[in-house]
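Every chain is numbered from 1 and lettered A, B, ... according to where its sequence line falls, protein lines coming before strand lines. Keep in mind the model is a prediction, meaning the values are calculated, not measured.
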Amino acid sequence: MDLLTGLNDRQRDAVLHTEGPVLILAGAGSGKTRVLTTRAAYLIREKNVKPWNIMAITFTNKAAGEMRERVNNLVGMGSEAVWVATFHSTCVRMLRRTPERVGFDHHFTVYDTDDSKRLMKQVIDGMKNVPGNFRPKNVLNAVSKAKNDLISPDEFEDERGYDLYWKSVAEAYRRYQKKLLENNAMDFDDLLINCVKLLRENPDVLENWQERFRYIMVDEYQDTNAVQFEMVSLLASKYRNLCVVGDDDQSIYKFRGADIKNILSFENTYNDAYVVRLEQNYRSTQYILDTANAVIKNNYERRDKNLWTDKGQGEKVRFREFGNSREEAGFVVEDIIRKAGKGASLDDFAVLYRTNAQSRMVEDHLVEEGIPYNLVGGVSFYSRREVKDILAYLRTVDSGRDDISTARILNVPKRGIGKTTEGRISEYAAEKGIGFYDALLAAKDIPGVSGAALKKIEAFTGMVEKWRSHLPEMGLSDIAAMIVEDIDYRNKIEAESEEEARDRLENVGELISKMEAFEEENEEVSLSSFLEEVSLMTNLDELEEGTPRVLLMTLHSAKGLEFPCVYIIGLDDGLFPGQQSLASPDSSDMEEERRLMYVGITRAMDSLTLTHSATRLVNGEYNAFPVSRFVDEIPDELLDSTGESIFAGHRSRLRPAAITDDIFDDVPARPAAGSAKPYSPAKPYSPAKPYSAGKPASASGSIDYKPGDRVRHRLFGEGTVVEMVPGPRDTKVTVDFDGSGRKVMYAGFAKLEKAD
DNA sequence: GCCGCCAGTATTTTT
DNA sequence: TACTGGCGGC
């Protein structure tokens with residue numbers, strides 16, 4: 001039974017209990033992925049379950065990827081038949097088999113948030129008598145909420161139609177769904193909803209999938225919403241071998257429709273459920289865990305539990321206060337430098353914050369110090385304009401029913417087909433009940449489309465038809481290259497904006513490389529399959545390993561990750577917990593913020609630092625904030641907060657770090673935080689590309705050294721340049737450091753100085 | 001049809 | 001502060 005060696009009793013229990021409903025309450029860092037993967041292997045090896053009868057569902061591609069790899073390693077032969085996928089890709093795969101059952105054809109496309117917004121805008125523009133303040137984003141939010149609760153447009157109107165505003169939302173919702181169907185497209189929510197619909201309305205299909213998935217495991221169960229719950233329930237209702245894993249304390253996606261009650265009341269839904277609690281934490285030190293426990297126990301809506309570890313006490317959790325956010329960020333960066341100087345790898349560090357805007361200040365300091373970092377979040381590669389443009393071309397070529405994509409590129413790059421013409425075409429399309437692209441093909445019959453416009457439209461459709469005719473024999477990267485060539489993208493984009501052109505073209509190049517890679521990795525490549533994979537990608541999936549770098553991300557993005565050394569910045573009442581949760585009459589909003597804090601604390605393995613800034617620039621104006629209440633919830637004996645506060649009363653518990661702290665032993669003393677200096681804006685800089693790990697903020701820095709030269713680095717001291725390789729964005733420099741050995745770094749980031 | 005200016009707005013976001 | 005979207009002038 002070598003599978004079970006190394007597991008603790010509880011974990012073993014969870015693995016061995018294979019039949020019937022099982023709830024695994026897995027605290028942070030308690031080895032749940034290991035349990036899930038071992039469980040799959042155990043089912044196959046010891047219980048003779050066929051690999052294809054096992055399904056493991058996760059939320060992120062990343063989690064699915066990790067699980068896949070570990071299952072492959074444990075199971076060996078046949079492991080690829082185990083179904084490991086995200087909710088959304090599971091739905092796509094199920095829907096692709098029989099899309100006609102829910103009114104779609106095999107080429108259906110998946111709309112991302114941007115596409116959905118465009119569509120909703122079209123819908124609203126086509127409506128009369130809309131209320132003021134009727135913006136696509138707001139309407140879409142309401143619609144998404146309704147969808148997550150499985151409420152149809154009609155039900156929505158029945159429930160809330162008495163109010164004029166909500167009546168309009170219901171109408172927009174209805175029209176939006178109709179348009180999606182006409183465009184043969186589904187938004188993210190629809191993937192789940194249509195999947196549930198497919199299973200509910202087609203007993204034969206349901207039966208088929210139930211037979212296929214006899215053992216179902218769901219990861220991060222606390223984040224499931226009503227639709228996901230329904231989908232899992234349907235699939236599991238025949239064999240009832242449903243094993244869910246989660247931690248109610250880590251439920252942080254309520255705003256996306258996640259319902260914590262799904263995990264809290266699992267035993268009510270399945271009254272014969274077997275419950276296993278995993279409470280031994282393998283990640284953090286005792287001080288860190290005690291801190292996490294102290295904070296989370298203030299929540300009412302949770303299952304009581306107590307995480308423990310045998311890792312030892314460790315260091316106390318540090319808390320530092322500053323007068324402004326610049327000092328706060330400066331401290332964090334100096335501290336990282338200090339620790340890195342003592343031998344820590346930059347990969348050991350993560351800086352976590354509540355809102356994305358907070359990254360800027362830290363980025364400034366990192367850039368200034370020449371420390372590589374990677375920002376998770378922001379604009380993802382696949383949402384960049386130029387990438388979406390090319391993808392829209394591909395989608396148009398692929399299906400011709402995706403009006404949003406076709407409309408997007410009709411005049412991109414500019415070819416003189418403006419709003420007026422576009423309006424006439426969509427009007428005609430609506431009149432005839434045909435698609436936008438088909439209306440373009442019939443442009444000559446459209447009244448009001450003049451000779452010049454007609455010529456341009458025909459040139460456009462001519463190109464699309466040509467590309468389409470090449471589809472059968474050409475690879476998709478070749479098609480893409482052909483498109484870029486035919487539309488003269490290079491010149492057009494350079495004419496538009498000299499400055500961004502280089503970046504844009506690089507991104508387009510990268511997209512084509514990704515296609516080539518996709519063609520190499522997959523046996524059966526079609527344009528549709530590529531577009532499908534891409535539509536379900538997120539910025540978290542673009543995180544590449546490589547040059548050691550500090551990670552910057554929101555607390556939300558950090559869930560599921562761990563780091564030896566974690567900084568949580570911005571512990572200000574009003575920022576974290578946020579203003580809305582403070583003002584909310586619903587205590588569950590504050591509880592969600594607290595869970596977020598819990599998630600943040602439990603990311604840390606050995607070292608955790610919390611910081612607070614008394615003043616902060618928010619939305620362009622200065623605000624003063626008290627210390628976060630979450631800090632107050634940590635008992636004094638767990639905190640290293642160095643002295644007492646010089647702030648008058650309130651919650652501050654300490655004197656500013658600079659006065660008593662030895663942390664700044666190698667930097668000039670700075671003024672006390674209490675005497676907050678007036679803010680001086682940081683010097684201008686260009687932010688790093690979020691998706692390009694460790695690449696430089698500005699590649700333009702002058703390089704005055706060459707292989708063989710002696711150079712000096714901020715962290716590693718002096719060394720000799722061994723090699724310099726120019727890369728797409730920056731030059732990779734290899735240096736043999738006298739003290740720290742050989743390192744590879746990007747020139748723009750490393751800020752090497754010539755030493756002689 | 002295109003470009004530029006002004007006004008409005010601003011958490012978190014697995015897919 | 002920083003970005004986006006709408007509208008008016010050319």
Side-chain angles (χ1 to χ4, degrees), chain A residues 57-64 85-92 110-113 116-118 121 125 133 135-138 140-141 144 148 186-192 219-220 222-225 227-228 250-258 352-358 360-361 376-380 382-383 385 411 414-423 450 452-453 456 496 532-541 553-561 570 574-582 584 589 592-593 595-596 599-600 616-622 679 681-682 684 687:
Chain A
I57 307 194
T58 66
F59 277 84
T60 65
N61 298 314
K62 189 164 181 282
T86 64
F87 269 104
H88 293 262
S89 73
T90 296
C91 290
V92 172
V110 180
Y111 277 178
D112 67 16
T113 346
S116 305
K117 239 189 252 167
R118 282 163 184 264
K121 196 179 169 304
D125 287 348
N133 196 33
R135 274 188 300 277
K137 206 181 138 195
N138 300 332
L140 225 37
N141 266 337
S144 177
N148 286 154
M186 302 186 197
D187 66 16
F188 288 138
D189 297 324
D190 280 350
L191 289 176
L192 294 155
D219 193 16
E220 306 278 19
Q222 77 279 358
D223 290 331
T224 49
N225 62 28
V227 198
Q228 288 155 341
Q250 291 188 67
S251 165
I252 54 173
Y253 284 101
K254 183 185 154 192
F255 69 96
R256 291 283 285 117
L352 311 181
Y353 36 80
R354 180 65 240 264
T355 66
N356 282 118
Q358 290 170 258
R360 287 303 271 281
M361 207 54 86
V376 180
V379 187
S380 127
Y382 292 102
S383 353
R385 207 171 79 197
N411 199 31
K414 299 206 167 56
R415 46 174 77 90
I417 309 174
K419 276 197 208 95
T420 320
T421 308
E422 194 199 316
S450 73
K456 291 167 186 164
E496 258 177 47
E532 178 175 312
E533 172 153 317
V534 157
S535 64
L536 297 177
M537 284 280 233
T538 70
N539 47 32
L540 206 62
D541 301 319
M553 67 184 101
T554 63
L555 288 146
H556 281 91
S557 306
K559 200 181 72 170
L561 306 176
L575 183 67
F576 186 34
Q579 200 53 60
Q580 356 259 323
S581 63
L582 287 168
S584 170
D589 289 324
E592 173 125 328
E593 294 280 301
R595 288 193 292 269
L596 196 52
V599 167
R616 195 180 295 277
L617 196 58
V618 178
N619 300 341
E621 60 183 312
Y622 274 97
Y679 174 79

Mind calculating the distance between [atom1] ([X]) and [atom2] ([N]) to the nearest angstrom?
{"X": "A:Met361", "N": "C:dT1", "atom1": "CE", "atom2": "P", "value": "12 Å"}
{"X": "A:Arg595", "N": "B:dT14", "atom1": "CZ", "atom2": "P", "value": "18 Å"}
{"X": "A:Glu621", "N": "C:dA2", "atom1": "CD", "atom2": "P", "value": "14 Å"}
{"X": "A:Asp187", "N": "B:dT13", "atom1": "CG", "atom2": "C1'", "value": "14 Å"}
{"X": "A:Asp189", "N": "B:dT14", "atom1": "CG", "atom2": "P", "value": "13 Å"}
{"X": "A:Leu140", "N": "B:dT13", "atom1": "CG", "atom2": "P", "value": "17 Å"}

Contacts of A:Ala357 meeting side-chain contact (heavy atoms from CB on, under 4.5 Å) (sequence neighbours excluded), chain-then-number -> A:Thr355
For [X] and [Y], which heavy atoms make the closest approach, and how far apart are they?
{"X": "A:Gly578", "Y": "A:Ser581", "result": "O-OG, 2.8 Å"}
{"X": "A:Asp589", "Y": "A:Lys254", "result": "OD1-NZ, 2.9 Å"}
{"X": "A:Ser144", "Y": "A:Arg256", "result": "OG-NH1, 4.2 Å"}

To the nearest 0.5 Å, what is the distance between CG on A:Asp187 and OG1 on A:Thr113? 9.0 Å
Under 4.0 angstrom, heavy atoms only, what part of the nucleic acid is [X] near: base, sugar-phosphate, or nothing?
{"X": "A:Ser89", "value": "nothing"}
{"X": "A:Asn61", "value": "sugar-phosphate"}
{"X": "A:Thr421", "value": "sugar-phosphate"}

Basic-acidic side-chain contact under 4.0 Å: A:Lys419, A:Glu422: no
DNA chain B: A:Lys456 or A:Asn141, which has the more 5' nearest nucleotide? A:Lys456
For every nucleotide of nucleotides 2-12 of chain B, 5' to 3': is a protein heavy atom under 4.0 Å from its base (B), only from its sugar-phosphate (S), or from neither (-)? SS-----SBBB
